[in-house]
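Notes follow the structure.
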2 protein chains.
Amino acid sequence: METTWTHRIRAAGLRVTRPRLAVLEVLAAHPHADADALVTGARIQHPTLSPQTVYGVLEAFVATGLARRIEPAGAPALFELRVGDNHHHLVCRSCGLVADVDCVVHAAPCLNPADPAGFVVDEAEVVFWGLCRACQQEQQPQSVQIDEHDIRGGAIA
Amino acid sequence: METTWTHRIRAAGLRVTRPRLAVLEVLAAHPHADADALVTGARIQHPTLSPQTVYGVLEAFVATGLARRIEPAGAPALFELRVGDNHHHLVCRSCGLVADVDCVVHAAPCLNPADPAGFVVDEAEVVFWGLCRACQQEQQPQSVQIDEHDIRGGAIA
DNA sequence: TCCTTGTCTTGACTAGTTCAAAACAACGGG
DNA sequence: CCCGTTGTTTTGAACTAGTCAAGACAAGGA
């Protein structure tokens, strides 16, 4: 398993280091983790890891195309390894859970503005907002407070 | 002119105050301004205005549907008065300029995910990323540095 | 004009992220 | 297999956008 990560890191032109392997492994297990969750998760394998190091690792991953950074409005940035297939995201307004949605058109931009106002568009970012299954159930029975199960997008269960 | 704003504020169930009128007027003149730009702009009419007051004004506007808050990834939040017509945005990767794009389907959500994964979707947020006309011209001649004309989304020219 | 209540002001504070410099370690060459 | 170069990590501080709380203030109905 780890060999795969090693190869992918090296293929991206990066040196293979312990922090990078740790972050990559956590990211693989938690496909929409935020920086904080990645620090926590990666510390299981590398306890002395600092947040700044993780930011550095992520920056390198994003720059080389190993990872992608997504920033849902009003929440810390999330990172995912699914890159290059131009998919989109579903975000729960209540708990922040993020799910992937395949794009019907697999090439970017997958849709075009009617009047691009002179812009040359290279990407259409689509975020669907709504309620995930769990939050729908919580809100129907007897309108429970929403903060009860504060999973948020990035947290590691 | 001001009478119009007065009416709109009151119609929203809010008291008509000087900070609110000032912010509303700046927002009308600069349709995609960030909080900082609004403070600067509104101070022309009301020099003692503090950032916190503007945040409060904007919160009230957004809560009552007078204004809408948009948060392009990696930039401070922008505010606009165009609400309720479910339009989308074009953002320039280089200078941050934001332009409106009409939505072909005028009701939210204007498109549906192929597999909503159990989510009940109420909005599809679409952001088109690309280069605005000015930045295209700047990058072709002799690949000029991009920070030259740092208009950014919210700044007031 | 007075009173109530919503709004503004002031100030401190937080989360998320970035910057800079020095210590360190990966890995290609000898 | 060790060494040196160079990219990475570490450490620590700083920064920005935005939030919170409490008292002063003013809008607008009586």
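Everything numeric here is computed off the predicted structure, so don't read it as measured data. Protein chains get the first letters and strands the later ones, always in sequence-line order, with residue 1 at the start of each. Side-chain atoms are counted along with the backbone in the values below, which use heavy atoms only and exclude waters and symmetry mates.
When each of A:Arg18 and B:Leu14 is assigned the nucleotide of DNA chain C bearing its nearest heavy atom, the one mapping closer to the 5' terminus is B:Leu14.
Atom-to-atom, CG of B:Asp36 to C1' of D:dT19 comes out at 16 Å; the value is rounded to the nearest Å. As rounded to whole Å, 14 Å separates atom P of C:dC8 from atom CG of B:Leu38. Distance, B:Gln45 CD to C:dC8 P: 14 Å, rounded to whole Å. The separation between B:His46 atom NE2 and D:dC25 atom C1' is 11 Å, rounded to whole Å. We find that CD1 of B:Ile9 is positioned 9 Å from P of C:dC8, with the value rounded to whole Å. A straight line from CD of B:Glu59 to C1' of C:dG6 spans 13 Å, rounded to a whole angstrom. Atom CG in B:Leu78 sits about 9 Å away from atom P in D:dG18, given to the nearest Å. The distance from atom CZ of A:Arg10 to atom P of D:dG7 is 16 Å, rounded to the nearest whole Å.
A:Val23 and A:Ile44 fall into different hydrophobic clusters, where Ile, Leu, Val, Met, Phe, Trp and Tyr residues are linked whenever their side-chain heavy atoms come under 4.5 Å apart, directly or through other members.
Looking at heavy-atom distances under 4.0 Å, A:Ala77 makes contact with sugar-phosphate atoms alone, never a base.
The side chain of B:Tyr55 contributes an N or O atom lying less than 4.0 Å from OP1 or OP2 of D:dG18. Using a 4.0 Å cut-off, some side-chain N or O of A:Thr53 falls inside it from OP1 or OP2 of D:dT10. Between B:Arg69 and D:dG18 there is a side-chain polar atom (N or O) within less than 4.0 angstrom of OP1 or OP2.
Between the B:Arg69 side chain and the B:Phe79 main chain, no donor and acceptor come within less than 3.5 Å of each other. Side-chain atoms of A:His89 do not come within 3.5 Å of backbone N or O of A:Ala99 as any donor-acceptor pair.
No more than 12 heavy atoms of other residues, nucleotides or ligands shown are found within 6.0 angstrom of CZ on A:Arg133.
With distances taken from any side-chain atom of B:Gln52 to the nucleotides D:dG28, C:dA12, C:dA26, the minimum falls on C:dA12. Minimum atom distance to the side chain of A:Thr17 is reached by C:dA26, of the listed C:dA26, C:dA12, D:dT11. Comparing atom distances between the B:Arg15 side chain and each of D:dT9, C:dG6, C:dC8 picks out C:dG6 as nearest. Nearest nucleotide to the side chain of A:Pro76, out of C:dT18, C:dT17, D:dG28: C:dT17.
The overall bend of the helix from C:dT1-D:dA30 to C:dG30-D:dC1, read as the angle between its terminal helix axes built from five base pairs each, is 30° when rounded to 10 degrees.
At a cut-off of 3.5 angstrom, the base of D:dT8 holds no donor-acceptor pair with the side chain of A:Arg20.
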